[in-house]
Every structure is written in C-alpha cells, then in structure tokens.
Amino acid sequence: MKNLDKNIDGKSYANKLLKKIFPLSQEYFYKFNRKPSLAVILIGEDPASNVYVKNKIRTAEANNIKSIEIKLPTETSEKELLQKIISLNEEVEIDGILVQLPLPNHISEQNVINTINPDKDVDGFHPVNFGKLYMGVPNFVPCTPLGCLYMLKNELKHLSGKNAVIVGRSNIVGKPMASLLLSSDCTVTLTHSKTKYLKEHCKKADILIAAVGCPEMIDDTYVNENAIVIDVGINRVADPLQNKKSMLVGDINYKKVYNIVKKITPVPGGVGPMTIACLMHNTIKAAYKNKKYNFIDILEDST
Ligand code: NAD
C-alpha cells in the first residue's frame, strides 16, 4: 500500500541512530574502563537553554555517556569562563566540551568557541572544524546540519544533482548545511535576509531547508510538489486555541505546506531529536579520538 504519511519522523531516526551509539559506548567502557564523557557548560538562567541542556544530559545518561553539568551564574566574566574551558581542555578524562548558546552579552561567543580544543569541540563550531568541513575533510560537524543530512540521505538515497535551497546563513546551521550538501554533490543556493526573489529560489528546490527563526514564514507559495522540506526553526508562539499558554512552531507553515510537498519534518519531532542524537554521536567520536582509537563513523552508513 502506498505510504501517504508525508512526515519525516525525526524521533524515529534519532532512535535508530542512538541504537547504534549505545553498543559503541558500552564497548568503550569495557575497553577503557570508563564511560565517554561530555562536559556541558550553562551560563545564566535562560529557560530555553535550561531545557536544551536537561535534554542533552538525559540523553547522554541514557546512552552510557557520563555528563558533567557546569552551571555558572550570569555574572561570570569572560576570563573566568575561558579559564574553565582551558582546564576542561586539559582534563584527560573529559572527551567533549559544549558551551550552551546564547551567552550573556558581556561574553564573546567567538572567543569562547576559539578556546575549546578542536578535538573536544562536539558542537563543531571551532574555526578549525568549520574550515575542515568546508575543505571536505570534516572532523566534528555541527549537530543540527549533521542530523538534517542523515535524514535526507535516508529519505532520498541519492542527493547528487539535487537543487538544495537553504534559508538562513548562520554559522551553526545554514553555512555548515550548505557545505554538507555541496559535499554530497547537490547544487546549493544559500539564501538570507538580503536575498532578492526568495520565493522564486525556494520554489525551485528539490530540498528546502529553513533555518531562519521566523515563525511559519515559509508557506505554500514557496514550495513545489516534489520538494523535501526540512524545518530547523524552533519558535515559541502564543497558542491560537489557547489550550496551552504557548506552543512551538517551525519556520515553515506546516499546515499549508504539508498538502503540497513530498515530505516534511514536523516541529516538534523533526530536526530537534536528531540534533541531540548527533551530539551523542560526536561525543562518542571525541571519546575514541581521545584514546587515539580508530572510530568508524556510523553516520557514513545511512542504512
Ligand atoms: P540565526 O538568527 O543565527 O540566523 C538566521 C538566519 O536567517 C540569518 O542568516 C538571516 O540572514 C536569515 N533570515 C532572517 N530573516 C530572513 C528572511 N526574512 N528571509 C530570509 N532569510 C532570513 O538563527 P539560527 O541559529 O541559524 O537558527 C535558526 C532557527 O533554527 C531558529 O528558530 C533556531 O531556534 C532554530 N534552531 C533549531 C535547532 C534544532 O535543533 N532544531 C538548532 C539550531 C537552531
């Protein structure tokens, strides 16, 4: 029977990936007599960041990964934060370091990213990792675009020659996504807030990725019937039915776009769970790297 469900189920993809990660972390424990480890630094009281960190730590613990949560007050100076990172870089039993963004205004995000040892940079934001990705020799790849690529490879099998349009050019999503798709032989258009004729670009996409941060900005007038749509956006808006105080929506107007396109990721339940699964993947990779042990990248094999 023809499958009429157009949803790309991010939760199920994430579970599939975590099932491959679990035995690797167990094997690591037997080999090296300790769990792979992830240090997560959270500065301040931002409620969304708190939830993201909690989810990351919960998933790590459930997958045999030791998590070290470091909570620092908003007033922490940049110098203090950089010193903390330097000491984590030096700790041999710490494999991965993650600093939850955004940071308070008085701390430079770039200085923080630059200070993390590139071989512990499980977020893949360090300039060395960013450069390696663009050169086609990736080390650590940012988790969100990595998760999007994993789902696309599974949905489409062959990406070669596809027209991929990305809306949003941030360093954490848009740009690395463009690089990954380019390395997969797509023809990539990277659009942004100054792009003219955005709709026309989007309409030509076989693969459309939205990472803008504007609730439901992309509607049915931006897509064609063959498009595979990946919605990275996470926006909290007032619930129109007022069943709840607020609800999460993406950058895609899901209700309007669903009826037209071939496949689409929902929000929530699409990209979000894959981002966390890819963080676990990067942590295991960092742990094996720390022991100078050959790690066969499980994301290379998308089956
Ligand atoms: P960002 O603010 O750093 O970048 C937004 C980009 O969108 C910019 O490049 C800007 O040029 C572009 N843009 C803004 N308005 C536009 C417009 N009208 N037309 C075209 N382009 C426009 O955001 P980000 O960090 O890349 O995040 C984007 C969204 O993805 C946010 O909603 C964020 O919460 C979400 N996000 C989700 C995950 C996840 O795990 N699902 C991870 C990271 C980010």
Side-chain angles (χ1 to χ4, degrees), residues 7-11 13-14 17-18 40 46-56 58-59 98-103 105 109-110 112-113 122-125 130 140-152 164-181 188-205 208-219 221-223 229-237 246-254 264-282:
N7 269 333
I8 299 174
D9 185 350
K11 262 193 201 160
Y13 276 123
L17 185 56
L18 290 173
V40 182
D46 179 55
S49 293
N50 254 301
V51 172
Y52 293 145
V53 165
K54 262 197 196 119
N55 286 342
K56 287 169 186 176
R58 204 180 40 220
T59 312
L98 178 157
V99 180
Q100 184 65 41
L101 303 178
L103 296 171
N105 289 337
E109 206 169 283
Q110 199 55 57
V112 168
I113 290 169
V122 286
D123 260 338
F125 296 160
F130 200 82
F140 288 104
V141 176
C143 304
T144 300
L146 189 60
C148 295
L149 184 74
Y150 183 80
M151 292 193 285
L152 283 169
V165 177
I166 302 157
V167 191
R169 58 174 162 182
S170 71
N171 287 344
I172 63 169
V173 190
K175 285 181 198 160
M177 191 73 248
S179 178
L180 285 172
L181 290 169
V188 179
T189 306
L190 183 53
T191 70
H192 47 81
S193 56
K194 302 286 186 287
T195 297
K196 287 183 181 159
Y197 313 114
L198 180 65
K199 208 176 268 194
E200 282 67 23
H201 285 295
C202 293
K203 257 196 170 293
K204 289 184 196 145
L208 178 63
I209 299 184
V212 193
C214 291
E216 300 183 319
M217 179 189 121
I218 292 169
D219 65 16
T221 62
Y222 285 70
V223 294
V229 179
I230 307 284
D231 191 353
V232 178
I234 303 178
N235 309 290
R236 191 163 281 285
V237 296
S246 64
M247 58 186 277
L248 291 181
V249 297
D251 293 335
I252 305 279
N253 188 321
Y254 178 85
I264 181 167
T265 57
V267 177
V271 174
M274 270 310 291
T275 297
I276 297 186
C278 286
L279 174 66
M280 300 304 124
H281 164 271
N282 283 356

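Whatever order the structure lists them in is the order used to number ligands and atoms, beginning at 1.
Protein heavy atom nearest atom 12 (C) of ligand 1, with residue, atom name and distance: G168 CA, 3.8 Å. For atom 8 (C) of ligand 1, the nearest protein heavy atom (residue, atom name, distance) is R169 N, 3.9 Å. Taking atom 4 (O) of ligand 1 as the reference point, the nearest protein heavy-atom neighbour is S170 CB, 3.7 Å. Among protein heavy atoms, atom 31 (C) of ligand 1 sits closest to G213 CA, 3.7 Å. The closest protein non-hydrogen atom to atom 44 (C) of ligand 1 is V173 CG2, 4.0 Å. The nearest heavy-atom contact from the protein to atom 42 (C) of ligand 1 is T144 OG1, 3.2 Å. Scanning the protein heavy atoms around atom 11 (O) of ligand 1, the nearest turns out to be S193 N, 3.1 Å.
Within ligand 1, counting atoms from 1 as listed, the ones closer than 4.0 Å to a heavy atom of V232 are 30 (O), 35 (C), 36 (N), 37 (C), 38 (C), 41 (N). Annotation for ligand 1: atoms under 4.0 Å from non-hydrogen atoms of T275 are 39 (C), 40 (O). Of all atoms in ligand 1, numbered sequentially from 1 with element shown, those under 4.0 Å from a heavy atom of L198 are 19 (N), 20 (C). Atom numbering of ligand 1 starts at 1 in the shown order; those under 4.0 Å from a heavy atom of N235 are 32 (O). Against a heavy-atom cut-off of under 4.0 Å, V167 is close to the following atoms of ligand 1: 20 (C), 21 (N). Those atoms of ligand 1 that come under 4.0 Å of a heavy atom in I172, given as number and element, are 25 (O). Heavy-atom proximity to G233, at under 4.0 Å, picks out these atoms of ligand 1: 29 (C), 30 (O), 32 (O), 35 (C). Distances below 4.0 Å separate heavy atoms of I234 from the following atoms of ligand 1: 32 (O), 34 (O), 35 (C), 37 (C), 39 (C), 41 (N).
Atom NZ of K203 sits in a crowded spot, with more than 12 heavy atoms from other residues, nucleotides or ligands closer than 6.0 Å. More than 12 heavy atoms of other shown residues, nucleotides or ligands fall within 6.0 angstrom of atom NZ in K199.
Any N or O atom pair closer than 3.5 Å counts here, and D251 shares no such pair with ligand 1. Checking only distances, T191 never comes within under 3.5 Å of ligand 1, N or O to N or O. Considering backbone and side-chain N/O of V271, none are found under 3.5 Å from N/O of ligand 1.
Contacts between M217 and ligand 1, counted as non-hydrogen atom pairs separated by less than 4.0 Å, involve the side chain only.
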From CA spacing to verdict: side chain to side chain contact (heavy atoms under 4.5 Å, CB included), M280, L17: CA-CA 9 Å; M280 300 304 124; L17 185 56; over 6 Å; no
Report the C-alpha distance between Y52 and I276 in whole Å, list the side-chain angles of each, state the deciding distance to 0.1 Å, and finish with yes or no for side chain to side chain contact (heavy atoms under 4.5 Å, CB included). CA-CA 9 Å; Y52 293 145; I276 297 186; over 6 Å; no
Take V99 and F125 through the test side chain to side chain contact (heavy atoms under 4.5 Å, CB included) and record every step on the way to the result. CA-CA 10 Å; V99 180; F125 296 160; over 6 Å; no
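Between L181 atom CG and T189 atom OG1 the span is 10.5 Å, to the nearest 0.5 Å. The distance from the CD1 atom of I172 to the CE atom of M177 is 13.5 Å, given to the nearest 0.5 Å. One finds the OG1 atom of T195 at 12.0 Å from the CD atom of E200 (value rounded to the nearest 0.5 Å).
Comparing T265, V212, I230, I276 by heavy-atom distance to atom 22 (C) of ligand 1, the nearest is V212. The residue among R236, H201, K175, H192 with a heavy atom at the shortest distance from atom 20 (C) of ligand 1 is H192.
Residue L198 is tested with I218, V165, T191 for a side chain to side chain contact (heavy atoms under 4.5 Å, CB included); the sole match is T191. Of the listed residues (D251, V232, D231, I252), just one forms a side chain to side chain contact (heavy atoms under 4.5 Å, CB included) with V267, and that residue is D231.
Using a 3.5 Å distance cut-off with no hydrogens or angles, the side chains of Y254 and N7 do pair a donor with an acceptor.
At a distance under 4.0 Å, no protein heavy atom can be found next to atom 27 (O) of ligand 1.
Looking at L152 and I209, their side chains come closer than 4.5 Å, going by heavy atoms from C-beta outward.
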